[in-house]
Every structure is written in structure tokens, then in C-alpha cells.
Amino acid sequence: MEETKKSLNFIEHIIEEDLEEGYSNDALRFRFPPEPNGYLHLGHASSICLNFGLGETYNAPVNLRFDDTNPAKEEKEYVDAIKRDVEWMGFKWDKECYASDYFQELYDWAVMLIKSGKAYVDSQSSEAMAEQKGTPTEPGVDGPYRNRPVEENLDLFERMKNGEFEEGKHVLRAKIDMASPNMLMRDPILYRVLHKAHHRTNTDWCIYPMYDWTHGQSDYLEQVSHSLCTLEFLPHRELYDWCLDQLVSNNKLRPKQREFARRNLSHTVVSKRKLLKLVEEGVVSGWDDPRMPTISGLRRRGYTPEAIRNFADTIGIAKRENIVDVSLLEFHVREHLNKISPRVMAVLNPLKLVITNYPEGQEEWLTAENNPEDESAGFREVPFSRELYIEQEDFREEANRKFFRLKLGGEVRLKNGYIIKAESCTKDAEGNIIEVQCTYDPKSKSGSGTEESLRKVKGTLHWVSTRHAFEAEVRLYDRLFNDENPDGHKDKDFMEFVNQNSLNKITGFLEPSLKDAIVGDRFQFQRLGYFNVDKDTTAEKLVFNRTVTLRDTWAKIQQKN
RNA sequence: UGGCCCAUGGUGUAAUUGGCAACACAGCUGGUUUUGGUCCAGUCGUUCUAGGUUCGAGUCCUAGUGGGCCAACCA
């Protein structure tokens with residue numbers, strides 16, 4: 001099969017260039033390096049697809065590396081959740097790595113740095129150091145400890161490691177240039193004292209390396225060829241390279257850091273800090289609340305890994321600011337779910353429909369196609385009887401020609417069943433329609449092949465038999481934020497845009513075949529949308545999440561009028 | 001009042017590296033359809049501005065404009 005030439009993103013161009021300039025394909029290695037301080041979200045999904053995707057196209061290994069240098073924020077719970085999410089996405093990492101595995105090397109390298117006069121122990125307060133650091137427009141000035149003798153630095157650093165000092169008393173700083181136009185080069189802190197247990201090294205260490213003294217070295221130790229991160233790390237690149245300069249040897253590969261723009265999604269936030277706030281303030285039920293843009297939330301909502309990967313591939317990667325429209329994500333779930341979801345009938349806003357010429361007490365089982373997109377999906381039987389539920393929105397006493405549904409005197413087909421005609425309706429004291437009476441054409445049965453069954457009527461309705469249907473909880477979701485860019489307002493906090501009606505729990509009436517559904521099962525409720533079974537399901541009650549609605553042209557027509 | 005990064009339709013990304021601006025989504029029109037779904041066809045619309053180099057510029061240069069990042073013992 002001729003494959004159309006795929007266009008490359010700018011990262012792939014860089015790699016192609018490296019390959020042309022003599023990089024061996026065997027030297028390619030990537031990594032996905034999350035900090036285990038929260039759950040992965042759609043932004044991470046993009047990065048995962050980028051790195052692991054590169055691994056697949058170049059047949060190169062990809063490490064999963066936990067950037068765990070801050071025990072104050074990191075937990076094993078997050079490590080486990082991250083591994084689960086990456087696996088669910090369908091990717092296999094080569095090595096499972098931890099920055100904390102390199103603490104000894106990092107310490108040794110720091111000692112080496114001190115010995116060569118390129119690092120010193122600073123004993124000032126953080127305020128004093130901040131003051132000397134200057135501002136983006138003004139150079140910094142040297143601090144009083146900058147020229148501390150090597151022996152004294154060595155002694156103090158060792159005692160920091162031995163736990164002789166409390167937090168904040170001393171730090172180890174690189175000696176670079178307090179006047180550099182790049183703030184990060186103004187003698188960055190390399191090590192700080194933290195008397196906290198680490199989820200892996202426990203209390204073995206009480207000094208912890210900073211990000212900049214860890215990331216490049218970790219890449220180097222793992223021989224990662226291309227270290228990809230988001231744009232806000234661009235200013236760190238100079239420091240990344242400075243750190244590598246201190247320790248790379250000629251016969252080993254020198255990693256390259258390259259930066260891409262993080263993906264923003266409209267009507268949501270993708271920042272661990274902000275997602276954490278939604279969880280802590282109880283706006284959502286947890287990190288895996290189906291409204292969350294986390295991978296675990298999307299999974300619970302009924303999204304498939306394929307949908308997310310296709311989405312990530314479609315939006316690609318670049319260097320400019322962006323807000324990707326959620327409709328693109330929704331397109332990809334629908335596209336996949338349409339292919340794989342069995343069709344079923346469920347009524348969410350029931351209106352009783354009585355077929356007056358259908359014998360009382362009679363029932364029959366009609367044959368229904370499971371998935372018109374998949375011949376192998378087969379057929380099932382659905383029960384039909386005199387009393388049915390249809391959707392309230394599917395009946396009007398009067399309506400114009402654009403309304404393809406049931407109206408008095410009008411005809412409609414009941415999906416997989418008969419053509420019916422509405423004759424009358426009953427109202428309660430407030431004037432609400434509570435029942436519709438209709439007649440059916442016994443010869444019009446679907447699939448019977450009779451002349452009547454072949455008749456074209458404009459509308460087809462889904463339905464359930466009142467006697468056979470069973471109740472289930474159905475959770476309908478709306479976007480979590482009313483604003484397209486909730487954290488894009490300087491004067492307003494993103495929390496102000498939280499949609500108060502993002503969750504609507506209702507009771508639905510489902511066809512009996514659904515009784516055996518188990519957690520995670522996905523269905524298309526015909527004419528309504530895609531739904532999956534939520535983990536809150538119990539032996540007594542099934543709970544469904546609406547993953548996404550079907551495309552709804554009728555809703556658009558109505559909006560216009 | 002500094003340094004760095006970025007600028008292509010409503011959205012996201014491409015453009016054989018200087019050679020006919022393309023793909024997907026969204027929107028709109030129509031067709032098919034026992035899901036107002038799917039599918040099919042059509043349509044809409046773009047290189048931030050001003051100069052320059054060139055036979056030729058989205059691509060290179062200069063200036064401007066707009067947006068972003070940088071002053072955590074976070075990553």
C-alpha cells in the first residue's frame with residue numbers, strides 16, 4: 001500500500017537533520033518525565049504521544065522517568081496513577097527510571113563542581129539572595145559567600161548532607177554569572193536542605209537536587225538523545241547545557257533539550273495546580289471525575305485511548321500559543337465510538353405512548369441490529385408491547401414540516417418496529433402532556449418485507465417497552481467552564497467561570513439487554529449519544545456516564561429559530 | 001526599561017527548505033439513510049504591518065505591531 005508522505009513536525013525535522021549529520025538511528029532515545037505530584041492530563045497526553053510516537057516511528061526506546069526531586073509534593077499514589085495512565089494509552093516504556101536513583105551521582109558531581117571552584121555554599125536568607133539576583137532589566141550583584149574557599153564549601157556541603165543544618169540555613173549554588181541577561185544563570189541553586197522523607201529514598205537524604213541540576217544529568221545517564229519539554233523551559237536550556245558541560249565526556253552522547261508549546265484546550269484548564277484546586281475545593285469528585293481533562297477522568301467518562309491518540313496526532317506539535325477547540329476532541333471520540341459501540345435503546349425523558357389497537361397483554365420480540373457500522377456485531381431481540389416510553393421531545397401536538405417526529409395525525413416509525421400514527425393525547429391539570437394514544441399498522445413491521453414495511457416515513461423514534469424496561473442512573477455532563485479560556489483573564493480567577501450545571505443526574509429507562517452491562521462497557525444510546533457504565537455501579541443500580549452526545553443537527557435548527 | 005521565543009482561515013497543523021498556500025475540525029448547502037447519527041458531494045475562508053533582497057518570498061533581511069516566557073530553597 002502506498003503511504004502518503006506524512007508531513008513532519010519541527011521536532012521530527014530536527015531529528016531528521018541530526019540523522020543526516022551523522023547521528024546513528026541506534027543512538028535515538030526519548031523519555032517522558034512527569035513529576036509524580038498529580039494526575040496526568042490532556043497536556044501530558046500530547047507529550048506522551050509525542051515522545052512515545054517518536055519512539056515508534058524511529059524504533060527507539062522511550063523511558064518513563066519520574067522527576068522526583070521534591071519530596072514535599074510527590075507521592076507514590078501519583079507514581080502508580082501515572083504508570084496506569086501511560087499503559088492505558090497503549091504505550092510501553094523501555095526503562096522505568098527515577099531521578100532519585102541518581103542522587104548519589106548527582107551528589108558526587110556536585111562535589112566535583114565545588115572542587116573545581118564552580119559551586120559554593122551560600123548561607124544567606126532566600127530574601128537576601130533574591131535581592132542580589134537583580135531583575136530581568138537589572139543585573140545582579142555578587143553575594144558575600146560567593147568566594148568562599150573550596151575547603152570550607154566542601155565541609156559545609158558535606159555537613160548539609162549529614163543533616164547538621166536545618167532547612168533554609170545553607171544552599172549549594174553554581175558559580176556562573178550574576179550579571180547574565182538570563183536570570184537562571186545568576187548562580188542558580190543546585191541543592192537545598194529538606195528534612196522530609198522521600199517516597200522512594202525515605203530518609204537516606206536530607207539534601208535534594210533542584211530541577212536544573214537533575215534533568216540534564218538524568219538525560220545524560222540514560223543517554224537520552226532528544227529531551228523534549230514545554231516552552232517555559234526554554235530559558236533553562238542555557239543552564240541545561242552549562243550543567244552538561246561540567247560532566248560530559250567525548251565518547252558519550254550529549255542530550256539535546258528542545259521545546260514545544262503546551263497544548264491548551266478550550267473550555268478547560270490544563271495545569272496540575274488548577275486541577276488540584278478543583279479537586280480540593282470539591283468542585284469535582286476527584287482526579288478521575290468524568291468532567292476532568294485528566295487521562296483518568298476521560299477514561300472514566302468513556303473516552304478510548306485511540307480517540308485521544310488520534311486527537312493528539314491531529315493537533316500536532318509546534319511552538320506557538322494555541323487553544324485547541326474541544327470539538328476536535330469530541331470529533332475523535334465520536335469517530336471511534338461510532339465504529340465500536342453496540343447500539344441500544346434508552347429513554348431519558350419518558351412520555352407514555354399507548355398503542356390502542358395493539359392487544360393488551362401481548363408482547364413480541366423484535367430483531368434489532370447491534371451496529372450498522374460493523375456487520376460482525378450481529379443482532380439482538382428487543383421486547384415490544386402495548387405501552388411504551390418515547391422521549392418527551394419526540395412528540396408535539398402541532399408542528400411544522402421541519403419537525404420529523406410524532407405529532408397528532410402524523411406518522412412515524414418506531415425503530416425496529418412498526419409505523420404508528422398519533423391519534424390523541426392526555427394532559428394533566430397543568431396542561432402537561434402525560435400520555436399519547438396512537439394506532440399502529442400491523443403490516444408495517446420492520447424487516448418483514450411487506451409493502452407496508454417498505455413505506456417511507458420521515459421520522460424514526462427510539463423507544464422502550466414500559467413493562468420490560470428497567471431504571472438506571474444516567475449522568476449527563478456539560479463543560480466544566482463557561483468560558484472558552486478560563487485562565488486567560490488577568491482580572492478574573494478561573495474559578496469564577498466554573499459551570500454550576502456541569503453535572504445532571506437523571507433516571508433513564510433502558511432496554512432489558514443492558515441488564516448485563518459491566519463497568520466500562522460502552523454503548524450508543526440511539527439518537528442520544530455514547531454512554532458507558534460508571535464505576536459507581538452497584539448490584540442494585542447501574543450507573544451510566546454520557547461520554548458525548550451524537551452530532552445534533554436538529555438542535556442547531558431549533559437554536560436558529 | 002533588558003534578554004529570549006512566537007505570529008498562516010473561526011480552531012489546530014502543513015507547505016518537497018525560495019517555486020501553484022494544503023489537511024483535519026467547526027460553519028453553511030444539498031444527497032443517501034428505519035439513528036435529524038454515519039456516509040457522500042459541494043461551499044466558505046488565510047500568510048500581522050511596512051520596506052528590502054530575488055525572475056520568484058508564508059519561507060531570507062530590516063523596522064514596526066501584537067502575544068508569550070524569564071526575578072520559587074517548584075518542576
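Residue numbering restarts at 1 for every chain, and letters A, B, ... go by the order of the sequence lines. These numbers were taken from a predicted model, which means no experiment stands behind them.
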*Under 4.0 angstrom, heavy atoms only, what part of the nucleic acid is A:Ile419 near: base, sugar-phosphate, or nothing?*
nothing

*How long is the line joining CG of A:Leu528 and C1' of B:G37, in whole Å?*
11 Å

*Considering only B:C25, B:U11, B:C74, which nucleotide approaches the side chain of A:Asp325 most closely?*
B:U11

*For A:Ser327, answer base if it contacts any base atom (sugar-phosphate contacts may also be present), sugar-phosphate if it contacts only those atoms, and nothing otherwise; contact means non-hydrogen atoms under 4.0 Å.*
sugar-phosphate

*asked:* Ring centroids only, cut at 6.0 angstrom: are A:Phe331 and A:Phe311 within range, meaning strictly under it?
replied: no

*Take the protein atom CD1 of A:Ile323 and the nucleotide atom P of B:G68, then report the distance between them rounded to whole Å.*
11 Å

*Respond yes when some side-chain nitrogen or oxygen of A:Arg192 is under 4.0 Å from OP1 or OP2 of B:C74, and no when none is.*
yes

_A:His13 vs B:U13: side-chain N/O to OP1/OP2 distance below 4.0 Å_ = no

_Length of the CZ-P vector between A:Arg527 and B:U34, whole Å_ = 14 Å

*asked:* Rounding to an integer number of angstrom, what distance separates B:C44 and B:C23 when you compare their P atoms?
replied: 13 Å

*Give one of base, sugar-phosphate or nothing for A:Lys490, where a contact means two heavy atoms less than 4.0 Å apart.*
sugar-phosphate

_Closest to the A:Asn9 side chain, choosing from B:G2, B:A14, B:A75_ = B:A14

_Over all strands shown, is A:Thr553 touching base, sugar-phosphate only, or nothing at heavy-atom distances under 4.0 angstrom?_
sugar-phosphate

*NA contact type, A:Ile315, heavy-atom cut-off 4.0 Å: base, sugar-phosphate, or nothing?*
sugar-phosphate

*Distance-only polar pair, side chains of A:Arg31 and A:His215, donor-acceptor under 3.5 Å*: yes

*Using a 4.0 Å heavy-atom cut-off across all strands, classify A:Gln524 as base, sugar-phosphate, or nothing.*
base

*B:A71, B:C69, B:C73: which one has an atom nearest the side-chain heavy atoms of A:Met129?*
B:C73

*Which word best sums up how the rings of A:Phe384 and A:Trp463 line up, parallel for under 30°, tilted for 30 to 60°, or perpendicular for over 60°?*
perpendicular

*Counting only Watson-Crick or G-U wobble pairs whose two distances fall under 3.5 Å, which nucleotide matches B:U29?*
B:A41

*Which comes earlier along RNA chain B counting from the 5' end, the contact point of A:Asn70 or that of A:Ser444, where each point is its nearest nucleotide?*
A:Ser444

*Side chains of A:Arg263 and A:Ser46: do they bring a donor and an acceptor to under 3.5 Å?*
no

*Round to the nearest Å and state the distance from A:His267 atom NE2 to B:A26 atom C1'.*
12 Å

*Describe the nucleic acid contact of A:Gly140 in one word from base, sugar-phosphate, nothing, applying a heavy-atom distance below 4.0 Å.*
nothing

_Spacing of A:Glu373 atom CD relative to B:U35 atom P, expressed in whole Å_ = 11 Å

*asked:* Give me the distance, rounded to whole Å, that separates B:C5 from B:A22 when you measure between the P atoms they each carry.
replied: 31 Å

*Taking the six-membered ring for Trp, are A:Tyr78 and A:His199 ring centroids under 6.0 Å apart?*
no

*asked:* By nearest atom, which of the nucleotides B:A75, B:C5, B:G27 is closest to the A:Lys556 side chain?
replied: B:G27

*So, A:Gln524 and A:Gln526: side-chain donor and acceptor under 3.5 Å apart, yes or no?*
no

*asked:* Please compare A:Gln124 and A:Arg405 by the position of their nearest nucleotide in RNA chain B and report the one closer to 5'.
replied: A:Arg405

*Between atom NE2 in A:His489 and atom P in B:G67, what is the gap in whole Å?*
15 Å

*For A:Asn322, which contact category applies under a 4.0 Å heavy-atom criterion: base, sugar-phosphate, or nothing?*
sugar-phosphate

*May I ask which nucleotide in the shown strands pairs with B:A63, Watson-Crick or G-U wobble, both distances under 3.5 Å?*
B:U49

_Within the 4.0 Å heavy-atom criterion, would you say A:Lys415 contacts the bases, only the backbone, or no part of the nucleic acid?_
base

*Pair A:Arg527 + A:Glu391, salt bridge at N-O below 4.0 Å*: no

_In whole Å, measure the gap between the C1' atoms of B:C48 and B:A57 for me._
16 Å

*What about A:Arg551: does its side chain form a donor-acceptor pair under 3.5 Å with the base of B:U38?*
no

*For residues A:Ser446 and A:Arg413, is any side-chain donor paired with an opposing acceptor at under 3.5 Å?*
yes

*Heavy atoms under 4.0 Å, any strand shown: does A:Pro372 hit a base, just sugar-phosphate, or nothing?*
base

*Among B:U34, B:A75, B:G37, the nucleotide that comes nearest once only the side chain of A:Thr460 is considered*: B:U34

*Between A:Leu366 (CG) and B:U34 (P), how many Å, whole number?*
17 Å

*Do you know which of A:Asp241, A:Asp18, A:Asp219 makes salt bridge (charged side-chain N to carboxylate O under 4.0 Å, His left out) with A:Lys256?*
A:Asp18

*Given the C1' atoms of B:G18 and B:U53, what is the spacing between them in whole Å?*
11 Å

*Side chain of A:Leu328: nearest nucleotide among B:A24, B:A71, B:U33?*
B:A24

*Is B:U16 paired to anything, Watson-Crick or G-U wobble with both distances less than 3.5 Å, and if yes, which nucleotide?*
none

*Compare side-chain N and O positions of A:Arg258 against OP1 and OP2 of B:C5 and report whether any pair is under 4.0 Å apart.*
no

*A:Asn182 CG to B:C69 P, straight-line distance once rounded to whole Å*: 16 Å

*Any stacking of A:Trp554 on B:G36, going by centres under 5.5 angstrom and planes within less than 30 degrees?*
yes

_Pairing nucleotide - B:C4, Watson-Crick or G-U, each distance under 3.5 Å_ = B:G68

*For the side chain of A:Lys73, starting at C-beta, report the closest nucleotide among B:C74, B:A71, B:A24.*
B:C74

*Under 4.0 angstrom, heavy atoms only, what part of the nucleic acid is A:Thr69 near: base, sugar-phosphate, or nothing?*
sugar-phosphate

*Using the P atom in both, what is the distance from B:G12 to B:G19, to the nearest Å?*
25 Å

*Which nucleotide, in any strand shown, forms a Watson-Crick or G-U wobble pair with B:G9, with both distances under 3.5 Å?*
none

*Please work out if A:Lys456 contacts a base, only the sugar-phosphate, or nothing of the nucleic acid, heavy-atom cut-off 4.0 Å.*
sugar-phosphate

*What form does the base of B:U32 take, syn (within 90° of 0) or anti?*
anti

*Among the nucleotides B:A15, B:G12, B:G36, which one has an atom lying closest to any side-chain atom of A:Val324?*
B:G12

*asked:* Classify A:Gln526 by what it touches in the nucleic acid, base, sugar-phosphate, or nothing, heavy-atom distance under 4.0 Å.
replied: base

*Given B:A15, B:U13, B:A75, which nucleotide is nearest the side-chain atoms of A:Arg263?*
B:U13

*For A:Phe404, report the nucleic acid contact type (base, sugar-phosphate, nothing); a contact means any heavy atom under 4.0 Å.*
base

*Regarding A:Gln124 and A:Asp122, is there a side-chain donor-to-acceptor distance under 3.5 Å anywhere?*
yes

